[in-house]
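What follows is one structure encoded as structure tokens, with my remarks underneath.
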Protein chains: 2
Amino acid sequence: MTKANDQFNAAARTAAERGRDARTRLLAAAGELIAELGWNAVSTRVLADRAGVRSGLVHYHFDSLQALLRQASTEAMTRVLDQSTAALSTADDPAEAVEATLAELDRYTGTDPESLLFIEAYLAALRDPELHQAIARLFTGFRGALAAALERAGHPDPDPAAALLAASFDGLVLHKGLDPELSASRLAPLVRHIAEPEGPAK
Amino acid sequence: MTKANDQFNAAARTAAERGRDARTRLLAAAGELIAELGWNAVSTRVLADRAGVRSGLVHYHFDSLQALLRQASTEAMTRVLDQSTAALSTADDPAEAVEATLAELDRYTGTDPESLLFIEAYLAALRDPELHQAIARLFTGFRGALAAALERAGHPDPDPAAALLAASFDGLVLHKGLDPELSASRLAPLVRHIAEPEGPAK
DNA sequence: ATTCGCCTTGGTCATTTGACCAATGTAGCA
DNA sequence: TGCTACATTGGTCAAATGACCAAGGCGAAT
């Protein structure tokens, strides 16, 4: 029998290993299905089905379906933002941070799984205090990294600029999903303009 | 008996009038409940309850629950956007259009019924082609009005600027719902900056 | 070999859901 | 008065849902 560390190995050796496997599969399936069907349309049964797991396991590994969705979305969003944050951190050149952000923007069409997961989670968070708090932490982290990058670029008032850029980013993703004509390339000069160091007359 | 034109008059005279009344009440209740509970959590029964109407009426006046929600959200959004568009149209002064937009932004906290209705509808539209099309039309109309205002203000490239402003607007509403600290006043100078006529080096 | 702890199974349960409809009500017109 | 065109009622229906659980499985430690 092969090494049990293979991800998603149905024949994992110990019970604990198999359990972790099922958990992981459920979380992954939840991430997919939130994007595909929408937060409220993810049911225990389709979820278990997608994960290749019996539906009874959902409530063994998680307190509730909502708790599962919460954890799945939070972890997925954290992964995405960590990646973007890393791209920002490596930028030394002044405008490079904004360019990195713009490059990220091109990756999200508003209809891909990552975009949808974010939007779905934002909306769900408005009615789920626990998720709300988790997302607030993600916001703080990402905007902090963005503000730091802008500050290194000499922006006079990096915090509000970072907040505006982050909000515009999500707004653009949302609008791109509804209007595919909205190409990022035509907007790029304007987005750069937002972050320009000469800044607004404060 | 009083005049039957009173909105929501349960004792309206003719059957047709009563029918229109029930229809109106259902649409109004749908608008409220989409914001309160979320698009997918609006059921025929709570909807009829809120409207003060028996649940059987829902499928008499509308083809399906989704059709009702679609019409309710579309009409409500149209009303809001018509108002905003009017505010833009009356602006003659160059920067006045942006100021009008900023004033609108202050009205939407991201947690008020109007904000929530928009966000819910956007998300629902990603999985409902008919609603998608309706929203696309609203987008075209509002961005057109905004672009016209920017052009009157001498903006060199009004169309992309309007698209970016509209997306940023929605993004800010979305983020404000998740982060109440995000006051529009601190961001106002930056938003103005987006639309500044000297514009980006295109 | 037996026990122990965790994972898994397959099922049940009460609720809620969207849709549908036959029967009834009712106001205005002929 | 009776007819017509609606709107309304109160109910049924099958399907889907989140949660829960008793019984069984199974590797690992003793």
Per nearest nucleotide of DNA chain D, the residue lying toward the 5' end, A:S55 or B:G56, is B:G56
Nearest-nucleotide check on DNA chain D, B:L57 vs A:S64; residue mapping nearer the 5' end is B:L57
A side-chain contact here means heavy atoms from C-beta on lying under 4.5 Å apart; do B:W39 and B:L131 qualify? yes
Any side-chain N or O of [X] under 4.0 Å from OP1/OP2 of [N]?
X	N	result
A:H59	D:dA19	yes
A:Y60	C:dT8	no
A:T44	D:dG18	yes
B:S43	C:dT16	no
B:R54	D:dG10	yes
B:H61	D:dT8	yes

Are B:R143 and A:E181 within salt-bridge range, i.e. N to O under 4.0 Å?
no
Is B:R127 paired with A:E120 through a side-chain N to carboxylate O contact shorter than 4.0 Å? yes
The reported gap from NZ in B:K176 to CG in B:L105 (rounded to nearest 0.5 angstrom) is 4.5 Å
Students often get this wrong, so: under 4.0 angstrom with heavy atoms, is A:V46 touching a base, only sugar-phosphate, or nothing? nothing
Here the pair of heavy atoms bringing B:V58 nearest to B:L68 is CG1-CD1, 3.9 Å
Whole-Å gap separating [atom2] ([N]) and [atom1] ([X]):
X	N	atom1	atom2	answer
B:D21	D:dC6	CG	P	18 Å
A:F62	C:dC6	CZ	P	17 Å
B:R23	D:dT8	CZ	P	12 Å
A:L65	D:dT17	CG	P	10 Å
B:L68	C:dC20	CG	C1'	16 Å
A:R45	C:dG11	CZ	C1'	11 Å

